[in-house]
2 protein chains.
Amino acid sequence: MTDLDATFAALADPTRRAILSMLLEDDMAVTDVAEPFDMSLAAISKHLIILQKAGLISQEKRGRVKWCKLEPDALRGASTWMQSFGQFEPVNLDAFEAFLATQLEDE
Amino acid sequence: MTDLDATFAALADPTRRAILSMLLEDDMAVTDVAEPFDMSLAAISKHLIILQKAGLISQEKRGRVKWCKLEPDALRGASTWMQSFGQFEPVNLDAFEAFLATQLEDE
DNA sequence: ATGATCGTCAACCATTTGGTTGAATAATGG
DNA sequence: CCATTATTCAACCAAATGGTTGACGATCAT
């Protein structure tokens, strides 16, 4: 599974998008993330693991509480991929992605 | 399934993203879309239907040939959603312009 | 009219996905 | 120590996904 596969697949689920929106406000513990959803804690825990594997959030355990933090940079690849459609004339996407990779390395 | 569900789910598959990249060049018939893939025509046909349901392409039948056309506007909703998470667009536009500059230098 | 080509449909299959429950692990509080 | 809280694990399940094959309806060329 490539990065883009994981990113877009993670974003395809409405529960996961809602979680990301919540984390936009502030970091949250797993239990608090789960609270508004009509779904078991285990289900939310799985969603969070998927988001983490996609790099969209990070999770840090302090004591018995695991804090979830939005990592919006993970959207960069997907966002770039999408923007290459629509605004420009035909372009070499492979070259563009390679170019972006070099740009990111420089940072 | 909301629009965003359908859009992101459609983009989560590498075959479908590759198809979209191909259609960036030009409109194509179903058979020609399928040609480079190591996969049955029926499988590609299904992928195209998924892309069409997500609004990412349109399909028009002329004679026995069905032409597939990229509809990049369908990405707008998803792009907007993603941008609410951050500051990607300016960065990407700069990067894209820089990329285009390198492309022109190479020619 | 016949045969080839274009594309979809229907049935099937294996794998993945998104959910459940109950038990397990680990940290905290009294 | 004991109960409670926070989270994950494991087993299970139904439904969705991504692929196959073979038959089929259209359309085109000879």
Side-chain angles (χ1 to χ4, degrees), chain A residues 1-23 26-71 78, chain B residues 1-23 26-71 78:
Chain A
M1 177 129 95
T2 72
D3 269 15
L4 285 175
D5 286 17
T7 304
F8 284 128
L11 294 177
D13 184 277
T15 301
R16 288 192 291 265
R17 288 198 308 277
I19 290 172
L20 293 177
S21 292
M22 291 164 58
L23 291 176
D26 205 353
D27 299 358
M28 294 178 79
V30 173
T31 304
D32 295 331
V33 169
E35 198 273 331
F37 295 98
D38 188 20
M39 193 181 297
S40 72
L41 184 60
I44 296 295
S45 176
K46 283 188 188 178
H47 280 304
L48 288 169
I49 288 166
I50 289 171
L51 287 170
Q52 186 185 22
K53 282 188 176 163
L56 290 163
I57 67 168
S58 58
Q59 292 180 287
E60 184 199 355
K61 196 164 181 180
R62 285 203 296 275
R64 62 183 165 180
V65 175
K66 198 170 192 177
W67 293 92
C68 305
K69 177 176 171 21
L70 191 64
E71 296 289 348
Chain B
M1 178 130 95
T2 73
D3 269 15
L4 286 175
D5 286 17
T7 304
F8 284 128
L11 295 177
D13 185 277
T15 301
R16 289 193 290 264
R17 287 198 308 277
I19 290 173
L20 293 177
S21 291
M22 291 165 59
L23 292 176
D26 205 353
D27 299 356
M28 295 179 79
V30 173
T31 304
D32 296 330
V33 169
E35 198 274 331
F37 296 97
D38 187 20
M39 194 181 300
S40 72
L41 182 61
I44 296 295
S45 176
K46 284 188 188 179
H47 280 303
L48 290 169
I49 288 166
I50 289 170
L51 287 170
Q52 187 186 19
K53 283 187 174 163
L56 289 163
I57 67 168
S58 58
Q59 292 180 286
E60 185 198 355
K61 196 164 181 180
R62 285 203 297 274
R64 63 181 166 182
V65 174
K66 197 168 192 178
W67 293 92
C68 304
K69 177 176 170 27
L70 192 63
E71 296 290 348

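Here is how names work: the chains are called A, B, and so on, in the same order as the sequence lines, proteins then strands, and each is numbered from 1.
Residue contacts shown for B/K61 are absent, as no nucleic acid heavy atom lies under 4.0 Å away. The residue A/R62 sits apart from the nucleic acid: no heavy atom pair falls under 4.0 Å.
Using a 4.5 Å heavy-atom cutoff, the side chains of B/D32 and B/M22 are not in contact. Between A/R17 and B/D5, the closest side-chain pair of non-hydrogen atoms falls below 4.5 Å. Residues B/P14 and A/L4 fail the side-chain proximity criterion, which asks for heavy atoms closer than 4.5 Å. Side-chain atoms of B/M28 and B/I19, non-hydrogen and from C-beta on, never get closer than 4.5 Å to each other. Considering only heavy atoms from C-beta on, A/F37 stays 4.5 Å or farther from A/H47 through its side chain. At least one side-chain heavy atom of A/L20 sits under 4.5 Å from a side-chain heavy atom of A/L11.
Between the CD atom of A/E60 and the P atom of C/dA27 there is a distance of 14 Å, rounded to whole Å. If you take CD of A/Q59 and P of D/dA6, they are 16 Å apart, rounded to a whole angstrom. For B/I50 and C/dC9, the CD1 to P distance is 13 Å, given to the nearest whole Å. Separating the CD1 atom of B/I44 from the C1' atom of C/dC9 is a distance of 17 Å, rounded to the nearest angstrom. Distance B/K46 NZ to D/dT17 P: 11 Å, rounded to the nearest Å. Between the CD1 atom of B/I57 and the C1' atom of C/dG7 there is a distance of 13 Å, given to the nearest Å. In this entry the distance linking CG of A/L41 with P of C/dG22 reads 15 Å, nearest Å. Taking atom CD1 of B/I49 as the reference point, atom P of D/dG18 lies 13 Å away to the nearest angstrom.
Within residues 28-38 of chain A, the residues having any heavy atom closer than 4.0 Å to DNA chain D are, in order of number, A/A29, A/V30, A/T31.
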Test B/I44 against B/T31 for side-chain contact (heavy atoms from CB on, under 4.5 Å), laying out the working first.
CA-CA 9 Å; B/I44 296 295; B/T31 304; over 6 Å; no
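An OP1 or OP2 oxygen of C/dT20 is reached within less than 4.0 angstrom by a side-chain nitrogen or oxygen of A/S40. The side chain of B/H47 places no N or O atom within less than 4.0 Å of a non-bridging phosphate oxygen (OP1 or OP2) of D/dT17.
Comparing A/T15 and A/V65, the nucleotide of DNA chain C nearest to each residue sits closer to the 5' end for A/T15.
Distances were taken from every side-chain heavy atom of A/M39 (C-beta onward) to each of C/dT20, D/dA6, D/dG19; the shortest belongs to C/dT20. In this structure, of C/dG18, D/dG19, C/dT8, it is C/dT8 that holds the atom nearest to the side chain of B/S45.
With hydrogens and angles left out, the side chain of A/R64 and the base of D/dT7 share no donor-acceptor pair within 3.5 Å.
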